[in-house]
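Chain identifiers are assigned alphabetically (A, B, ...) following the order of the sequence lines, protein sequences preceding nucleic acid strands; residue numbering begins at 1 within each chain. Just so it is clear, the structure is predicted and the values come from calculations on it, not from any experiment.
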Amino acid sequence: MSDIFPKWTNKLPGYVILGGALLGTAVVAGTWYYFTPKYTRVGYQPLQPVSFSHHIHVEQLGMDCRYCHNGVESSYHSNIPSSTTCMNCHNQVLKDDPKLALVRESAAAGKPIPWVWIHKTPDYVYFNHAVHVNRGISCVECHGQINLMDEVQHAQPLSMTFCLDCHRHPEAFLRPPEQVYNLNWKPDDPTRQLAQGRRFLEEWKVERLEHCSACHR
Amino acid sequence: MRYFLLGFLLLGLVVVSVAGFRGGITRRPPIELFPDMDRQAKLRPQSAHGFFPDGLGSRLHPDQTIPRSQPVLVAGTPVHPFEDHPFNTGYEPGTTNFVQHSPVPVSETLLARGRERFAIHCQPCHGAAGDGKGPTTKYGMVVIGNLHDPRIVQQPDGEIFHVISEGRNLMQGYAANLTAADRWAILAYVRALQLSHLATLEEVPEGLRATLK
C-alpha cells in the first residue's frame, strides 16, 4: 500500500485539522472584529463643504450647543443650523473670508449648505433627542467630545447593543440637567456619581426601556 | 505546512493593512453590511428629496398660509401665533407703537428661563453682564450694543422685544430660533440685568453691604 499513499500522508489529517481550525478561527475573529458598527461607523469623518470647527465655536467662544442645534430640547430631531444662524456673527467676523464663501452664498440665496450627514440610524429605528437630553443624558455619551473636534467624526458605534447597554443601566450616565451641555463635565467622585444617578432614576421616574417597541415602532 | 503558515500570516497582514483597526479615521461612508430595510422611501428631516423640484425635503410653508398651531396662554388668555397681539408683535394692537410693558407677568420661573436663554443666545456677543463685551469681541465683532446704555434702558419693553425678534442694524433677529415666550423671558432677564446695574448701595440690604468690594 505504501506505493499509493506515501509516508507523509500519515500526517495529512493532522494538517487538515490544524489548518481548518486556524482558518476557522481567523474567519470568526475577522468577522467579530470587522463586521460590527464599532469598525464600520466609528471614525467616519467626511469632508464637509465648509470647514466648520466645533473646537473654535464651542471651546474657544464658549457657545452652547443649543445656539445652533436649537431644536434638540424640544424635538426628536437635532437640527443642523441654517446659514442665517452663522451670518449672525459672520456678517462681521471673517466677513470676506473665502472659507465662508459658501455660507454667504447660501444665506443670500436661501439655499441650504449641503452638509454631509454623519450620524444616521437605520430608518427602522426610532430615536428621540429631546427625551434623552431632558433626562440628563449628555451629548458626549453618544457623540463623543464634539467640543474638541475640528471636524466632526463618528465617535460611538450607535449600534443596538450600544443603546441597550445604557437603557439597562441608565443610572451610570444620568447627570445634573445643567451639565448636559457641558461636555467637559466629569463627576468628581465616580462612586458618588452612581449614588446620584440612582437618586435621579427614582426622582425622575426614569424607566429601563428594553422592550422592542421603544425603538422599533 | 511551513508555506501554509507563512501564507496564512501574510493573508492576515494583508487584511489588517487594508482594513485597518477599529476607530481609524475614514472619509468613506460606512458600509451597511446587511442593508435590509436600513434605507426606506421615507422623508427624514432636513434631508434632500428628489420628489420636489427644488430638492428640499423640509418644506417651507407656502405664501398666504399659516402653520397649524396651539395657542399660548398669556396671563390667562389663549393667544394664537397669527393674532395681532402684543405678545406676538411687541406693538399695541393695530398701531406701530411699542407696548410699554411686557404682556407676560414676571415670575421667578420666567426669570430663570430668561437667564438660561440669555446665556445661550445673547452671551456670545453681549457677554454675561450684558455690557457688550462677550467672547466674540476678541475675534472681530466690533459694534455690539451695551444693554446698559441709557438709550436702551429707556426703550419700551416692546421695542427690545422687537430687536430680539427682528434684529436691528448689525444684529440679526432671533424669531426663527426662539419662541415668543422665550423672547419675553429674555426681555425680563435683560430688565433684571439693567436694574442690577443701576442699583445703588442704599438699595442693598444692610447686612449684605459689607460683602461688596
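- Of the two parts of A/Lys95, neither the backbone nor the side chain holds a non-hydrogen atom closer than 4.5 Å to a non-hydrogen atom of chain B.
- Contact annotation for B/Ala176: only backbone heavy atoms (N, CA, C, O) come within less than 4.5 Å of a heavy atom of chain A.
- Contact of B/Pro29 with chain A is made through backbone and side chain together, with heavy-atom distances under 4.5 Å.
- Using a 4.5 Å cut-off between heavy atoms, B/Leu56 contacts chain A through its side chain alone, with no backbone atom that close.
- Residues of residues 6-19 of chain B placed with any heavy atom under 4.5 Å of a heavy atom in chain A are listed by number as B/Phe8, B/Val15, B/Val16, B/Ala19.
- By the neighbour-count criterion of 12 heavy atoms within 6.0 Å, atom NE2 of A/His211 is densely surrounded, having more than that number from other residues, nucleotides or ligands.
- Judged by distance alone, with hydrogens and angles left aside, the side-chain atoms of B/Asn177 form no donor-acceptor pair with the main-chain N or O of A/Cys68 at under 3.5 Å.
- Atom NE2 of A/His90 is separated from atom OG1 of B/Thr136 by 10.0 Å, given to the nearest 0.5 angstrom.
- Among B/Pro135, B/Pro45, B/Pro124, the residue making the largest number of heavy-atom pairs under 4.5 Å with chain A is B/Pro45.
- Here the closest heavy-atom approach between residue A/Thr36 and residue B/Arg22 is recorded as CG2-NH2, 3.7 Å.
- When heavy atoms are compared at a cutoff of 4.5 Å, A/Gln156 does not approach chain B at all.
- B/Glu32 is linked by a salt bridge (Lys or Arg N to Asp or Glu O under 4.0 Å) to B/Arg39, counting only residues two or more places apart in sequence or in another chain.
- Chosen from A/Leu23, A/Ile118, A/Thr121, the residue pairing most often with chain B at heavy-atom distances under 4.5 Å is A/Thr121.
- Contact check on A/Asp123 versus B/Arg44 returns a salt bridge, with a Lys/Arg side-chain nitrogen under 4.0 Å from an Asp/Glu carboxylate oxygen.
- No more than 12 heavy atoms of other residues, nucleotides or ligands sit less than 6.0 Å from atom CD of B/Glu108.
- In terms of modelled atom types and a separation under 3.5 Å, the side chain of A/Tyr67 and the main chain of B/Cys122 share no donor-acceptor contact.
- Heavy atoms from other residues, nucleotides or ligands lying under 6.0 Å from NZ of B/Lys138 number 12 at most.
- The structure places CD of A/Gln92 at 10.5 Å from OG1 of B/Thr137, a figure rounded to the nearest 0.5 Å.
- The salt bridge (charged side-chain N to carboxylate O under 4.0 Å, His left out) contacts involving residues 70-94 of chain A comprise A/Arg66-A/Glu73, A/Glu73-B/Arg117, where partners must be two or more places apart or lie in separate chains.
- Contacts from residues 74-82 of chain B to chain A, taken as heavy-atom pairs separated by less than 4.5 Å, involve no residues at all.
- No cation-pi contact links B/Arg28 to A/Tyr44, judged by a cut-off of 6.0 Å to the six-membered ring centre and 45° from its axis.
- Annotation: side chain of B/Phe4 is not in contact with side chain of A/Leu18 (no heavy-atom distance under 4.5 Å).
- For the pair A/Trp115/B/Gln46, no side-chain contact is recorded, criterion being any heavy-atom separation below 4.5 Å from C-beta on.
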message = Applying side-chain contact (heavy atoms from CB on, under 4.5 Å) to B/Phe21 and A/Tyr33, what does each step give before you reach the verdict?
response = CA-CA 9 Å; B/Phe21 294 102; A/Tyr33 191 79; 3.5 Å; yes
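- Atom-to-atom distance recorded for B/Ile31:CD1 and A/Tyr34:OH is 11.5 Å, nearest 0.5 angstrom.
- Of the possible polar contacts, one joining the B/Arg27 side chain to the A/Gln45 backbone as a donor-acceptor pair under 3.5 Å is found.
- Side-chain contact check for B/His121 versus A/Asp64: every heavy-atom pair is 4.5 Å or farther apart.
- Chain B forms more heavy-atom pairs under 4.5 Å with one residue of A/Leu94, A/Asn70, A/Val125 than with any other, namely A/Asn70.
- Atoms NE2 and CD1, from A/His154 and B/Ile25 in turn, are 12.0 Å apart once rounded to the nearest 0.5 Å.
- Among the candidates A/Tyr76, A/Tyr124, A/Tyr181, the residue making the largest number of heavy-atom pairs closer than 4.5 Å to chain B is A/Tyr124.
- For B/Ser47, the part lying near chain A is the side chain, with the backbone staying farther off; criterion is any non-hydrogen pair under 4.5 Å.
- When the shell of 6.0 Å around CD of A/Glu203 is examined, it contains more than 12 heavy atoms from other residues, nucleotides or ligands.
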